[in-house]
S.K.: 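Quick one: the structure is below, questions incoming.
Count residues from 1 along the sequence.
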Amino acid sequence: MAKARHGPARRLPMLLIALATGTLLPPIDRSGAQMITHSSSPSRPAQSHPYVGMWVTLDGHIRHELLPNGRYDEARGSRQSAYQGRYEVRGNHIDYWDDTGFTADGTFVDADTLHHGGMVFRRER
């Protein structure tokens, strides 16, 4: 009777199939937690600036949350998490890098007003 092969030679084809089908990759987390980005740094440190929080357009249609971990989550109308990505604040200037590759910037004109993409956002308290 032939002996069954259970050693490394037997596992290699299964490993190659798993790699080819992507079954060894972890699922993508879209919950707003720290995600892999196209940044050269693997993780974003907490940002210390006074602008963390929710920013809303005057009509309430766009809600832009700046998270303390350097990520943002933008809702549009009834669509939650319409856009997500990372951001950096330098002084009163903000730069955005959306997870899809889109980039944008904005200016905090005072502690409660953000100008971004031709829109005016007010801090929600």
Side-chain angles (χ1 to χ4, degrees):
M1 195 173 225
K3 192 173 187 180
R5 291 178 53 190
H6 295 288
R10 171 90 171 138
R11 283 179 263 166
L12 183 58
M14 293 176 4
L15 177 61
L16 292 175
I17 291 169
L19 286 172
T21 61
T23 56
L24 289 181
L25 298 177
I28 295 173
D29 181 0
R30 299 220 182 261
S31 67
Q34 184 70 28
M35 294 173 57
I36 298 170
T37 65
H38 300 290
S39 167
S40 59
S41 83
S43 64
R44 305 293 308 156
Q47 295 200 9
S48 60
H49 60 75
Y51 306 118
V52 168
M54 184 66 74
W55 295 83
V56 182
T57 56
L58 300 177
D59 64 3
H61 183 72
I62 300 174
R63 296 164 312 284
H64 197 111
E65 185 173 13
L66 300 179
L67 303 167
N69 65 354
R71 303 271 312 156
Y72 73 89
D73 190 319
E74 182 176 303
R76 290 185 175 237
S78 62
R79 186 174 168 206
Q80 296 296 321
S81 300
Y83 298 98
Q84 296 176 320
R86 68 180 180 93
Y87 72 92
E88 289 182 11
V89 172
R90 288 180 208 89
N92 70 334
H93 182 84
I94 185 167
D95 287 301
Y96 300 92
W97 294 270
D98 186 88
D99 290 341
T100 65
F102 177 79
T103 60
D105 66 348
T107 303
F108 295 96
V109 296
D110 61 42
D112 294 315
T113 309
L114 166 63
H115 289 181
H116 162 67
M119 297 173 281
V120 176
F121 289 78
R122 300 291 293 173
R123 180 191 299 274
E124 187 176 84
R125 295 201 186 256

S.K.: Could you list the residues that satisfy side chain to side chain donor-acceptor pair (under 3.5 Å) with Tyr72, not counting sequence neighbours?
M.R.: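 Scan of Tyr72 (side chain to side chain donor-acceptor pair (under 3.5 Å), adjacent residues dropped) gives Asp98.
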S.K.: As an exercise, state the distance from NE2 of His49 to CG of Leu66, rounded to the nearest 0.5 Å.
M.R.: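 It is 6.0 Å, given to the nearest 0.5 Å.
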S.K.: Provide the full list of salt bridge (Lys or Arg N to Asp or Glu O under 4.0 Å) pairs with a residue in residues 112-125, sequence neighbours left out, each pair given once.
M.R.: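 Matches after skipping sequence neighbours: Asp112-Arg123, Asp112-Arg125.
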S.K.: Is there a path from Tyr51 to Met119 through hydrophobic residues (I, L, V, M, F, W, Y) whose side chains come within less than 4.5 Å of each other?
M.R.: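 Same hydrophobic cluster.
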S.K.: Given the rule that I, L, V, M, F, W and Y join up when any side-chain heavy atoms are under 4.5 Å apart, are Val56 and Val52 in one cluster?
M.R.: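 Cluster IDs for Val56 and Val52 differ.
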S.K.: Okay, side chain of Thr57, backbone of Ile62: is any donor-acceptor separation there less than 3.5 Å?
M.R.: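 At least one qualifying donor-acceptor pair exists.
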S.K.: Supply the atom-to-atom distance Asn69 CG to Arg86 CZ, rounded to the nearest 0.5 angstrom.
M.R.: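 Separation between the atoms: 12.0 Å.
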S.K.: Within a strict 4.5 Å, meaning less than it, do heavy atoms of the Asp99 and Tyr83 side chains meet?
M.R.: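 Sidechains of Tyr83 and Asp99: no contact.
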S.K.: Looking only at heavy atoms, what is the nearest atom pair of Ile94 and Tyr87, with distance?
M.R.: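 Heavy atoms of Ile94 and Tyr87 come nearest at CD1-CD1, 3.8 Å.
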S.K.: Hey, could you give me the CD/CG distance between Gln84 and Asp73, rounded to the nearest 0.5 Å?
M.R.: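 Result: 4.5 Å between the selected atoms.
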S.K.: According to side chain to side chain donor-acceptor pair (under 3.5 Å), who are the partners of Arg63, at least two apart in sequence or on a separate chain?
M.R.: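 Expected list: none.
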S.K.: Once rounded to the nearest 0.5 Å, what's the spacing between atom OG1 of Thr113 and atom CG of Leu58?
M.R.: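 Reported to 0.5 Å precision, the distance equals 8.5 Å.
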S.K.: Who pairs with Asp105 by side-chain contact (heavy atoms from CB on, under 4.5 Å), at least two apart in sequence or on another chain?
M.R.: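 Result, side-chain contact (heavy atoms from CB on, under 4.5 Å) vs Asp105: His93, Asp95.
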S.K.: Can you sort out the partners of Arg76 under salt bridge (charged side-chain N to carboxylate O under 4.0 Å, His left out), two or more places apart, ordered by chain and number?
M.R.: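 With sequence neighbours excluded, Arg76 shows a salt bridge (charged side-chain N to carboxylate O under 4.0 Å, His left out) to Glu74, given in chain and number order.
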S.K.: Got a sec, which hydrophobics cluster with Val109, joining ILVMFWY side chains under 4.5 Å apart, including via others?
M.R.: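 Via sub-4.5 Å side-chain contacts, Val109 links to none.
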S.K.: Could you work out, with ring-ring contact (aromatic ring centres under 6.0 Å, His included) as the rule, every residue matching Phe121, not counting sequence neighbours?
M.R.: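 For Phe121 the ring-ring contact (aromatic ring centres under 6.0 Å, His included) partners, ignoring immediate neighbours, are His64, His116.
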S.K.: Using 0.5 Å steps for rounding, measure from the OH atom of Tyr96 to the OG1 atom of Thr103.
M.R.: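 If we round to the nearest 0.5 Å, Tyr96:OH and Thr103:OG1 are 12.0 Å apart.
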